[in-house]
Amino acid sequence: MNLRDNRRSVYKSDYLEIRLKKRMSDAENDNNGIEEQHQDDGSDDIWGEIVDEYDYDLIVIGGGSGGLACAKEAVANGAKVACLDFVKPTPLGTKWGIGGTCVNVGCIPKKLMHQASLLGESVHEAAAYGWEIPNKEAIKPDWEKLVQSVQNHIKSVNWVTRVDLRDKKVEYINGLGFFKDPHTVVAKLKNNTERTITASKIVIAVGGRPRYPDIPGALEYGITSDDLFSLDRAPGKTLVVGAGYIGLECAGFLKGLGYESTVMVRSIVLRGFDQQMANIVADSMVERGIPFLHKTIPKSVEKTEDGRLLVKYVNTETQEEGSDVYDTVLWAIGRKGLVDDLNLDAAGIQVKADKIAVNEAEQTNVPHIYAIGDIIHGRPELTPVAIHAGRLLARRLFGGSKQIMDYTDVATTVFSPLEYACVGMAEEDAIKKYGEDNIEVFHGFYKPTEFFIPQKSVRYCYVKAVAERSGDQKVLGLHYVGPVAGEVIQGFAAAVKSGLTMKILLNTVGIHPTTAEEFTRLSITKRSGMDPTPASCCS
């Protein structure tokens with residue numbers, strides 16, 4: 001029996017007894033202190049929700065992947081749910097529909113443009129395989145058509161999402177939500193009116209938006225990934241400022257589409273990732289004609305007389321100044337949690353570095369208020385993480401579940417031109433935790449079969465397994481640079497989650513000829529000093 005069925009089964013005559021029990025329970029909890037309350041995961045607090053004291057059982061602030069997943073799962077477990085979502089336009093004026101970053105300005109349009117870039121490569125490679133390509137040098141993309149195709153798909157997903165919420169009985173409110181008190185949320189609607197609603201439980205799932213540097217011209221002339229996928233003109237020569245995964249992915253597909261791109265790096269490439277693999281990705285991009293400006297930060301952006309953008313910059317090590325002219329400047333310097341508009345003080349919610357601090361059950365310091373997704377501090381900022389965490393939270397709140405989200409060994413992919421995917425620990429993190437003498441690193445370069453005929457570079461195709469040195473050598477991390485990286489690592493992620501060892505991995509027969517089988521052929525360790533370059537593909 002779910003929560004709403006429980007509610008319907010309670011007679012009015014039970015009301016006073018239930019409220020009295022709750023008051024007594026609340027008083028007891030108050031005496032136990034805040035810390036004990038903070039550990040409550042909400043799974044046993046059903047009786048306190050029986051009476052229709054609030055407008056909703058749950059309000060979800062944020063209509064991105066995590067918020068929507070939580071809202072729909074809560075309804076499936078009998079809760080009455082409202083979901084608020086509102087998108088503030090970018091400085092350029094870009095805005096979008098329901099679905100959050102992933103659907104509108106993140107994973108989905110990024111992957112589509114990455115695919116468009118790969119298809120451009122494939123057209124030229126096809127000639128080596130015997131396809132007759134007349135005047136292949138004249139083949140070029142139509143940016144406006146690409147953008148229109150991508151936006152058409154996004155709008156179809158927006159529509160399906162709205163219909164899905166209606167069918168699943170989630171009340172969608174297109175308004176900017178903020179707290180009035182711990183149980184009350186105000187939605188500022190598009191017509192500047194306000195609607196006030198209350199709920200027993202509240203989930204914050206507002207995510208984040210790209211940061212802008214505090215330099216002259218940044219807001220006036222620069223764009224971010226929020227703007228790129230609907231840009232109404234071809235980007236032309238582009239400076240990408242930032243070398244996280246968003247920056248590398250954008251620079252990569254722009255170059256593949258025929259637009260000159262440069263990456264400006266303040267410190268290191270792909271912070272938070274295995275640094276050997278990060279540098280391999282960067283080197284592979286340089287090989288493809290994408291220059292990197294290392295240890296460099298921008299100082300200003302100015303518009304020239306011919307409408308282009310003059311960027312002045314400085315090398316932070318040598319203090320040498322430089323400048324260049326671009327058609328587009330794309331900021332990819334990180335993301336900021338959207339806490340400013342929530343009026344969190346009214347609810348007493350603690351903030352940590354523009355994110356919300358939560359415990360292992362996604363619970364804030366206010367026991368009935370939770371947070372999921374990119375807005376929470378210290379957790380992976382990935383769409384599937386938010387979705388899974390949202391569903392599990394809803395099941396705990398309204399379905400009696402005890403299962404909490406496991407944030408360890410989450411696989412991810414960087415959709416750079418030569419893709420990089422990983423699951424588990426970076427080599428340097430494993431060494432730091434276990435000590436270098438207790439870690440064994442298996443590695444090898446490989447040659448994808450499909451690269452041979454078009455004579456594509458195999459210089460940076462590389463796999464690595466980080467494992468314990470003793471016993472059956474439990475695998476701590478797997479890393480792969482090469483084609484279709486995400487498809488390769490996804491299956492291995494389940495194996496790592498299940499306690500994969502090198503003994504099992506090397507006793508697994510690979511599928512030939514595939515790139516994924518290279519993990520089953522890892523016999524050379526870094527400690528051995530042997531050459532990890534293969535001599536043959538079939539022996």
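To the nearest 0.5 angstrom, K72 atom NZ is 10.5 Å from D167 atom CG.
The environment of CG in N152 is crowded: more than 12 heavy-atom neighbours from other residues, nucleotides or ligands sit within 6.0 Å. Within 6.0 Å of NZ in K336 there are more than 12 heavy atoms belonging to other residues, nucleotides or ligands. Within a 6.0 Å sphere centred on CD of E194, other residues, nucleotides and ligands contribute more than 12 heavy atoms. In the displayed structure, R266 atom CZ is contacted under 6.0 Å by at most 12 heavy atoms of other residues, nucleotides or ligands.
Classification of K188 and D341 as a salt-bridged pair fails, no side-chain N sitting under 4.0 Å from a carboxylate O. In this structure, R335 does not pair ionically with E381, as no charged nitrogen and carboxylate oxygen lie closer than 4.0 Å. Checked for salt-bridge contact, D55 and R195 miss the test: no charged N lies under 4.0 Å from a carboxylate O. Taking 4.0 Å as the cut-off between side-chain N and carboxylate O, K433 and D429 do not count as a salt-bridged pair.
Evaluation of the salt bridge (Lys or Arg N to Asp or Glu O under 4.0 Å) rule for R391 yields no partner, not counting sequence neighbours. Take Y245 and apply the side-chain contact (heavy atoms from CB on, under 4.5 Å) test, not counting sequence neighbours, and it matches E249, L270, V414.
Side-chain contact between D406 and K497 is present, with heavy atoms from C-beta onward closer than 4.5 Å. By the 4.5 Å heavy-atom criterion applied to side chains, T328 and Y259 are not counted as neighbours.
Under the 3.5 Å distance criterion, with hydrogens and angles disregarded, a donor-acceptor pair is assigned to the side chains of T94 and D227. Side chains of E419 and H114: a donor on one and an acceptor on the other come within 3.5 Å.
The minimum heavy-atom distance linking A199 with L58 is given by the pair CB-C, 4.0 Å.
Of the listed residues (R395, R396, K168), just one forms a salt bridge (charged side-chain N to carboxylate O under 4.0 Å, His left out) with E73, and that residue is R395.
Between Y54 and H183, the ring planes lie parallel to each other; the angle is under 30°, not in the 30° to 60° tilted range.
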Query raised in the report: Can you check side-chain contact (heavy atoms from CB on, under 4.5 Å) on V281 and F273, steps first, answer last?
Result: CA-CA 11 Å; V281 171; F273 289 86; over 6 Å; no
